[in-house]
Structure formats: C-alpha cells, structure tokens
Amino acid sequence: MTRYSTQDLQEEFLNVIRTSQETVVEVVKTCVDAGKAVTPKVPSARVPLADRLPTPEVIVTSAYDFAEKLLSSQRHFAEELVKATAPLMPGNDTQQEQEQGDAAAE
C-alpha cells in the first residue's frame, strides 16, 4: 500500500483545485464569446453615483487582502497558543521539572 505524506496530499489537492479553476475560467470565456455573438447591444443604464461604486476588480482585491491579513493574524495566534501550551506537552522537560518540584515539596 502506498503511503502519502500530508504535504503530498495537500499539493495534490491544490493541483486539482487549480486545474478545475482553470477549466471553469475557460468555459466562462467560451460562453461569453458565444453569448456576445448572439446578444444585441444594450445601451448602458445611467445609475446615479455609479461612478463612485468600486469595480469588481477592486472588490476582489480588497476582499483577498483582508482575508490574507486575517489568515496571518490567525496563524500568529495559533502559533502563540502552541508556544504557550508547550510546557504541558508530554516529554517536555519543563513539565517533568515542575512535577519533580511538586513531589519534593510534599
């Protein structure tokens, strides 16, 4: 039986996601091109203050910038929790020293 490391599985998962995303983008491009050929030109509607609305590109960029900051903050938080709880982990000398100190005090 072949065993895979966690990193191998993560890479494979990311490759599958990338491939499926590329396929979806290509399908959408094809549909848009086909749709342009058969749909009539529609005049743009004038919406008050529409020029002040963010573009889709700005919205996507802003959302992902925020997500990156949030993920970075969560990673730092998790790493700090791991450090804070390290003395409680089995095999940690600090825990053994504390138990020995407690036993000597009794």
**Q** Among all residues two or more places apart in sequence or in another chain, which pass the side-chain contact (heavy atoms from CB on, under 4.5 Å) test with Lys36?
**A**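 Per chain and number, Lys36 pairs via side-chain contact (heavy atoms from CB on, under 4.5 Å) with Val32, Asp33.
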**Q** Please check: side-chain N/O of Ser73 versus main-chain N/O of Lys69, any donor-acceptor pairing under 3.5 Å?
**A**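 No; zero donor-acceptor contacts below 3.5 Å.
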**Q** Measure the CD-CD1 distance between Glu12 and Ile17 for me, rounded to the nearest 0.5 Å.
**A**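 One finds 11.0 Å between CD of Glu12 and CD1 of Ile17.
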**Q** Determine whether a donor-acceptor pair (N or O, by modelled atom type, separation under 3.5 Å) exists between the side chain of Thr19 and the backbone of Asn15.
**A**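 The answer is yes, because a donor-acceptor pair under 3.5 Å joins these two groups.
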**Q** How about CZ on Arg75, more than 12 heavy atoms from neighbouring residues, nucleotides or ligands closer than 6.0 Å, or not?
**A**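 Open.
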**Q** For Lys83 and Glu79, run salt bridge (charged side-chain N to carboxylate O under 4.0 Å, His left out): C-alpha distance rounded to whole Å, both residues' side-chain angles, the deciding distance at 0.1 Å, then the answer.
**A** CA-CA 6 Å; Lys83 287 179 191 174; Glu79 289 170 345; over 6 Å; no
**Q** Rounded to the nearest 0.5 Å, how far apart are CD of Glu26 and OG1 of Thr23?
**A**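 So the gap between those two atoms works out to 8.0 Å.
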**Q** To the closest 0.5 Å, what do you measure between NZ (Lys29) and SG (Cys31)?
**A**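 If we round to the nearest 0.5 Å, Lys29:NZ and Cys31:SG are 13.0 Å apart.
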**Q** What distance separates Asp51 CG from Leu49 CG, expressed to the nearest 0.5 Å?
**A**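 Going from the CG atom of Asp51 to the CG atom of Leu49 covers 7.0 Å.
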**Q** Under a 3.5 Å distance rule, please check whether Thr85 uses its side chain to pair with a backbone N or O of Leu81 as donor and acceptor.
**A**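 Looks like yes, one N/O pair under 3.5 Å.
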